[in-house]
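Take a look at the structure below.
Both ligands and their constituent atoms are indexed starting at 1 by order of listing. Quick caveat, the model's predicted, so the values are computed rather than measured. Nothing fancy with the numbering, it's 1 onward along the sequence.
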Amino acid sequence: MTTIADQLSLAQQRIAQSARNSDRHPDQITLLAVSKTKPAPLLQQAFEAGQRHFGENYLQEALEKQQQLAELPIIWHFIGPIQSNKTRPIAQHFDWVHSVDRLKIAQRLSEQRPASLPPLNLCIQVNVSHEASKSGVAADELMSLAEQIHDLPNLTLRGVMAIPMASSDPAHQRQQFSQVKKLFNELKSRFGGIDTLSMGMSGDLDAAIEQGSTMVRLGTAIFGARK
Ligand SMILES: *Cc1c(COP(=O)(O)O)cnc(C)c1O
């Protein structure tokens, strides 16, 4: 039987191989374990195998697992769509948010971030595939949103996140990721402290790393298929 530890180790090897293929150092890429729909004991197994960063999409589910795993120094990332009436628990219980695409959400997160906690790390989600169904700010609106978010007090703007259109064609994957990379570079040249390019999932990890990803978000590759 393959264990979570085996799957994690394979994922790390795949990241390292992709990094080397692109003349990058594996240390430049953080693995975010996407644990949505998976029960707390599986997260614990991943933690025991050395995993520290976990990503969740559904607030209620995430809060329950956080309670169950309260003893573990996990770094929690919120990566799902954010409704404005859900910002308070996100501001209170997460270390990172990847899926901000509106000023109103960022303002609420900043206002609601407890003073006892460090600033909330934030990535702006960008939509480069022009899919109307998808969250994310359009490329030409990124800079003005970033400027406004950068001025908010209890947040640290770290970079951009993208979920490109699903494609099994590596050329198409690369083309979309390179657009995100360009936006990341523009952000970096405008503001200090920008260091996170959150892109790449189980099916397009290699193309994402080749195009400069610094954080890959893997669910299926670590925990198996979701129902
Ligand atoms: C579910 C999800 C992932 C992980 O997807 P896999 O294909 O299972 O690796 C990554 N990022 C986001 C935003 C997700 O919602």
(request) Specify the protein heavy atom at minimum distance from atom 9 (O) of ligand 1: its residue, its atom name, and the distance to 0.1 Å. (result) Ser202 OG, 2.5 Å
(request) Write out the residue and atom name of the closest protein heavy atom to atom 1 (C) of ligand 1, then the distance separating them to 0.1 Å. (result) Lys36 NZ, 1.4 Å
(request) Quick one: look up the protein heavy atom nearest atom 13 (C) of ligand 1 and list residue, atom name and how far away it is. (result) Ile163 CD1, 3.5 Å
(request) Could you tell me whether some N/O pair between Ala221 and ligand 1 is separated by less than 3.5 angstrom? (result) no
(message) Quick one about Arg108 and Ser84 (side-chain donor to acceptor, distance below 3.5 Å, no hydrogens or angles considered), yes or no?
(response) no
(request) Say whether, by atom type as modelled, one donor and one acceptor occur between the side chain of Arg226 and the main chain of Lys36 under 3.5 angstrom. (result) no
(message) Tell me whether His98 reaches ligand 1 (any heavy atom closer than 4.0 angstrom to a ligand atom).
(response) no
(message) Below 30° counts as parallel, above 60° as perpendicular, anything between as tilted: where do the rings of Trp76 and Phe94 land?
(response) perpendicular
(message) Between Lys65 and Glu61 (salt bridge meaning N to carboxylate O under 4.0 Å), is one present in this structure?
(response) yes
(request) Provide, to 0.1 Å, the distance between atom 10 (C) of ligand 1 and the closest protein heavy atom, together with that atom's residue and name. (result) Met201 SD, 3.2 Å
(request) Measure from atom 12 (C) of ligand 1 to every heavy atom in Val216, Ile79, Leu218 and give the option owning the shortest one. (result) Ile79
(request) Give the numbers and elements of all ligand 1 atoms closer than 4.0 Å to a heavy atom of Asn57. (result) 14 (C), 15 (O)
(request) To the nearest 0.5 Å, tell me how far Thr214 OG1 sits from Arg158 CZ. (result) 8.5 Å
(message) Quick test: of every protein heavy atom, which one is nearest to atom 8 (O) of ligand 1, and how far off is it to 0.1 Å?
(response) Thr220 OG1, 2.5 Å
(request) List the closest protein heavy-atom neighbour of atom 11 (N) of ligand 1: residue, atom name, distance to the nearest 0.1 Å. (result) Arg217 NE, 2.8 Å
(message) Quick one about Ser9 and Gln13 (side-chain donor to acceptor, distance below 3.5 Å, no hydrogens or angles considered), yes or no?
(response) yes
(message) Using a 4.0 Å cutoff against the non-hydrogen atoms of Gly219, which atoms of ligand 1 qualify?
(response) 4 (C), 6 (P), 8 (O), 9 (O)
(message) By the definition side chain to side chain contact (heavy atoms under 4.5 Å, CB included), identify the one residue from Leu43, Val34, Leu63 that meets it with Glu56.
(response) Leu43
(request) Report yes or no: does Gln51 contribute a side-chain atom to a donor-acceptor pair with the main-chain N or O of Ala46 at less than 3.5 Å? (result) no
